[in-house]
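Below you'll find the structure, written out as structure tokens, and then a few comments.
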Amino acid sequence: MKKLLIISSMLFTCVYGIGQTQQAAKPAVQKYPEREKMTPGMTEIWEPEVKIIQPGVTNSDAPSDAIVLFNGTDVNSEWTDMQGNPTKWIVKDGALISVRGAGYIKSKRKFGSFQLHIEWKTPSEVTGESQGRGNSGVFLQELYEIQVLDSYDNRTYRNGQAASMYKQYAPLVNVCRKPGEWQTYDVIYTAPTFRNDSTVYATPPKVTVLQNGVLVQNNVVLRGPTEYIGIPEYFIKKHGPGSIELQDHGNPVAFRNIWIREL
Ligand code: MG
């Protein structure tokens, strides 16, 4: 019995001892250095300095880093007809005017994402109605039309009036000036991207438009290239940079102060 007590006592001591050792082996609570107290300078980024450019005298004028696509005098240096020949559109009083039957014109240069400024004027002499009055258009990358139309007191389908992304998005408001008055579009366009193995957009094209300084398209996501008939096709031919195109829709619409900044 005495022996048994001694053995039990030894066992207890041993187990307890191990327990004590294990406890002692526990890592101490790690202490991290105190976080440095934030100062205003810690969130200030100085380098590299933001590129300096010169703004235009007015918002119609090209800033210093823009490519001028029409300067009021010469159309042939930056534009051709759709076959690559000199266009029959005319230059008059500093404006580039669409000529019925001359066809679309396209910029010689091709662009990906960009900021575009363009001014347009529908004829002061009002003829026609709905889509037949002062119709033209600005095509982005040759595929996506921002409608140009005399939409002053001229009802048409809402997704086909001036400043619509034609048949995809109506403008947020109708901020059109009277026919015969100059109007502006300022466009921010983000080109689509494609996966290597697919003709579905990896990221679709997106467009923001201000007309006469007012937001009319707010970063809208395009479903596909503009279609006159049918639903825009989401599965399309992959494309890279494309021209700006201006539409001949049979009406003598005038353009001026066209400049673009690549993004
Ligand atoms: Mg049009």
Side-chain angles (χ1 to χ4, degrees), residues 55-63 66 68-73 75 79 89-100 102 104-105 107 114-140 144-189 207-220 226 244-261:
V57 176
T58 72
N59 289 348
S60 287
D61 302 318
V68 176
L69 293 179
F70 178 65
N71 61 7
T73 58
V75 61
W79 302 84
W89 286 35
I90 56 172
V91 177
K92 189 179 171 192
D93 301 330
L96 175 60
I97 303 168
S98 170
V99 172
R100 180 191 290 269
Y104 290 30
I105 61 171
S107 63
F114 55 78
Q115 174 188 352
L116 171 71
H117 176 90
I118 187 164
E119 302 179 13
W120 54 274
K121 181 174 73 168
T122 60
S124 52
E125 187 185 329
V126 173
T127 58
E129 59 181 21
S130 187
Q131 293 288 307
R133 186 184 298 180
N135 195 333
S136 183
V138 180
F139 279 77
L140 316 176
Y144 312 103
E145 184 187 11
I146 305 173
Q147 177 67 300
V148 169
L149 193 73
D150 175 4
S151 286
Y152 187 89
D153 194 21
N154 178 34
R155 279 304 306 277
T156 188
Y157 41 95
R158 58 183 275 116
N159 59 349
Q161 69 184 64
S164 64
M165 295 311 300
Y166 186 74
K167 286 196 172 174
Q168 294 193 49
Y169 292 95
L172 295 170
V173 289
N174 181 344
V175 67
C176 283
R177 295 194 171 118
K178 292 178 180 173
E181 295 184 11
W182 283 103
Q183 316 205 42
T184 62
Y185 281 164
D186 287 285
V187 180
I188 294 112
Y189 173 72
V207 187
T208 294
V209 182
L210 287 89
Q211 181 184 2
N212 302 326
V214 175
L215 185 67
V216 285
Q217 297 289 351
N218 186 9
N219 200 32
V220 294
T226 298
I244 304 294
E245 289 178 1
L246 302 180
Q247 185 182 49
D248 163 25
H249 203 282
N251 305 134
V253 176
F255 295 90
R256 72 176 185 186
N257 291 332
I258 310 173
W259 50 263
I260 193 164
R261 299 179 62 245

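Any value given below was found using the heavy atoms of this structure, including those in side chains, with hydrogens, waters and symmetry copies removed.
Residue His249 holds its NE2 atom at 9.0 Å from OG of Ser136, rounded to the nearest 0.5 Å. Remark: Phe255 CZ to Trp120 CH2 distance equals 8.5 Å, nearest 0.5 Å. Taking CD from Glu245 and CH2 from Trp79, the interatomic distance works out to 9.0 Å, rounded to the nearest 0.5 Å.
Asn154 has its side chain within reach of Glu129: a pair of non-hydrogen atoms, C-beta onward, lies under 4.5 Å apart. Within the 4.5 Å cutoff, side-chain heavy atoms of Met165 are placed close to those of Ile146. In this structure, the side chains of Asp150 and Asn251 stay at 4.5 Å or more apart for every pair of heavy atoms. Residues Tyr166 and Phe139 fail the side-chain proximity criterion, which asks for heavy atoms closer than 4.5 Å. Using a 4.5 Å heavy-atom cutoff, the side chains of His117 and Thr184 are in contact. Counting only heavy atoms from C-beta outward, the side chains of Glu119 and Phe70 never approach each other to under 4.5 Å.
Remark: side-chain polar atoms of Asp248 are paired, donor with acceptor, to backbone N or O of Ala102 under 3.5 angstrom. Listed for the Arg133 side chain is a donor-acceptor partner under 3.5 Å among the backbone atoms of Gly128. Judged by distance alone, with hydrogens and angles left aside, the side-chain atoms of Trp89 form no donor-acceptor pair with the main-chain N or O of Tyr104 at under 3.5 Å. With hydrogens and angles ignored, the 3.5 Å screen pairs a side-chain donor or acceptor of Asp61 with a backbone N or O of Thr58. Judged purely by atom type and a 3.5 angstrom limit, Gln161 has no side-chain atom pairing as donor or acceptor with the backbone of Leu149. Within the 3.5 Å criterion, the main-chain N or O of Thr73 finds a donor-acceptor partner in the side chain of Asn71. At least one donor-acceptor pair under 3.5 Å links the side chain of Ser107 to the backbone N or O of Ile244.
Of the options Ile90, Thr122, Ile97, a side-chain contact (heavy atoms from CB on, under 4.5 Å) to Pro252 is made by Ile97 and by none of the others. For the side-chain contact (heavy atoms from CB on, under 4.5 Å) with Tyr185, the qualifying choice from Ile118, Leu116, Val216 is Ile118, the only one to do so.
Residue-environment remark: CG (Asp153) stays at or below the threshold of 12 foreign heavy atoms within 6.0 Å. Within a 6.0 Å radius of CG in Asn219, other residues, nucleotides and ligands contribute more than 12 heavy atoms.
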Go through it in stages, so that I can follow the logic: the residues are Leu96 and Ile105, the test is side chain to side chain contact (heavy atoms under 4.5 Å, CB included), and I'd like the CA-CA distance, side-chain angles, deciding distance and then a yes or no. CA-CA 11 Å; Leu96 175 60; Ile105 61 171; 3.8 Å; yes
The test is side chain to side chain contact (heavy atoms under 4.5 Å, CB included); show your working for Val138 and Glu145 and say whether it passes. CA-CA 5 Å; Val138 180; Glu145 184 187 11; over 6 Å; no
Tell me, with the steps shown, if Gln131 and Gln147 meet side-chain hydrogen bond (donor to acceptor under 3.5 Å, both in side chains). CA-CA 10 Å; Gln131 293 288 307; Gln147 177 67 300; 3.0 Å; yes
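Shortest non-hydrogen contact noted between Trp259 and Ser60 is NE1-O, 2.9 Å. Minimum heavy-atom separation, Gln217 to Val220: OE1-CG1, 3.4 Å. When all heavy atoms are compared, the tightest approach of Gln211 to Ala163 is OE1-CB, 3.4 Å. The minimum heavy-atom distance linking Val91 with Gly72 is given by the pair CG1-O, 3.6 Å.
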Got a list of side-chain donor-acceptor pairs under 3.5 Å for residues 169-181, not counting sequence neighbours?
residue	atom	partner	partner atom	Å
Tyr169	OH	Val221	O	2.6
Asn174	OD1	Cys176	N	3.1
Asn174	ND2	Ser151	O	2.9
Arg177	NH1	Trp182	O	3.1
Arg177	NH1	Asn212	OD1	3.1

